[in-house]
Amino acid sequence: PLMLLCQPLRVEDASALAAVHARGMPAGDAWSARSFAELLTSGAYGWWIGEQQGFLLARTSVDEIELLAIVVNPAVRRTGLARILLAQLGAHASSQAVRTIFLEVAEDNHPACALYIQ
């Protein structure tokens, strides 16, 4: 039932994705709407959570998934939305027989490390 909160990302969402990314990232680290549009037209995919309160963006290469971004609006962080997005990605990986999901995260990003290392 929680997966029903997730809606697929579309190229038309590029501006909204850039806005959410800008709210959720340190100044200067946000991606542009053009970057999101290019990623989504080149095979990246993902899901919104809630009413565009956050999103997950990934891409698949052969038999592994790269998690490109997971961002939740700072006003609703620590409410489980990121975990729902990760569960959605896990379900997608299982349905595609993908066995490996990888990402890069800064060692000093303690909230992200706490989310990914369970």
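Starting from 1, each residue takes its place in the sequence as its number.
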In short, T100 meets V98 closest at the heavy-atom pair O-CG1, 3.4 Å

Which value, rounded to the nearest 0.5 Å, describes the distance between Q7 atom CD and I49 atom CD1? 9.5 Å

So CG of L5 and CG of L85: to nearest 0.5 Å the spacing works out to 9.5 Å

Just wondering, do R59 and I65 contact through their side chains at under 4.5 Å, heavy atoms? no

With a 4.5 Å heavy-atom cut-off, do W47 and L89 have their side chains touching? yes

For A22 versus A30, what's the shortest heavy-atom pair and its separation? CA-CB, 3.6 Å

Please report the closest heavy-atom contact between D29 and H21, naming both atoms and the distance. O-CE1, 3.6 Å

To the nearest 0.5 Å, tell me how far R10 CZ sits from D13 CG. 4.5 Å

Set out, in order, the CA-CA distance, both residues' side-chain angles and the distance that settles side-chain contact (heavy atoms from CB on, under 4.5 Å) for L68 and L39, then state yes or no. CA-CA 10 Å; L68 299 170; L39 284 164; 4.1 Å; yes

Quick one, Q53 with L81, criterion side-chain contact (heavy atoms from CB on, under 4.5 Å). Give me CA distance, side-chain angles, the key distance, then yes/no. CA-CA 8 Å; Q53 290 298 311; L81 297 180; 4.1 Å; yes

Under a 3.5 Å distance rule, please check whether R77 uses its side chain to pair with a backbone N or O of V72 as donor and acceptor. yes

4.5 Å side-chain heavy-atom contact, M25 and V71: yes

Side-chain heavy atoms of V20 within contact of L17, under 4.5 Å: no

One should read off an interatomic distance between E38 CD and S32 OG, to the nearest 0.5 angstrom, of 7.0 Å

For R23 and Q52, work out which heavy atoms get closest and say how close. NH2-O, 4.2 Å

Measure the OH-CG distance between Y45 and L9 for me, rounded to the nearest 0.5 Å. 11.0 Å

Quickly, which of L40, L67, I70 forms a side-chain contact (heavy atoms from CB on, under 4.5 Å) with L57? Name it, please. L40

Looking at every non-hydrogen atom in both residues, tell me the closest pair between A14 and A33 and how far apart they are. CB-O, 3.3 Å

CD of Q88 to CG of L86, rounded to nearest 0.5 Å, is 10.5 Å

Is the gap between the ring centers of F36 and W31 under 6.0 Å? yes

Can you establish whether the number of heavy atoms outside R34 located under 6.0 Å from its atom CZ is more than 12? no

Take a 6.0 Å sphere around CD of E12 and say whether it holds more than 12 heavy atoms from other residues, nucleotides or ligands. yes

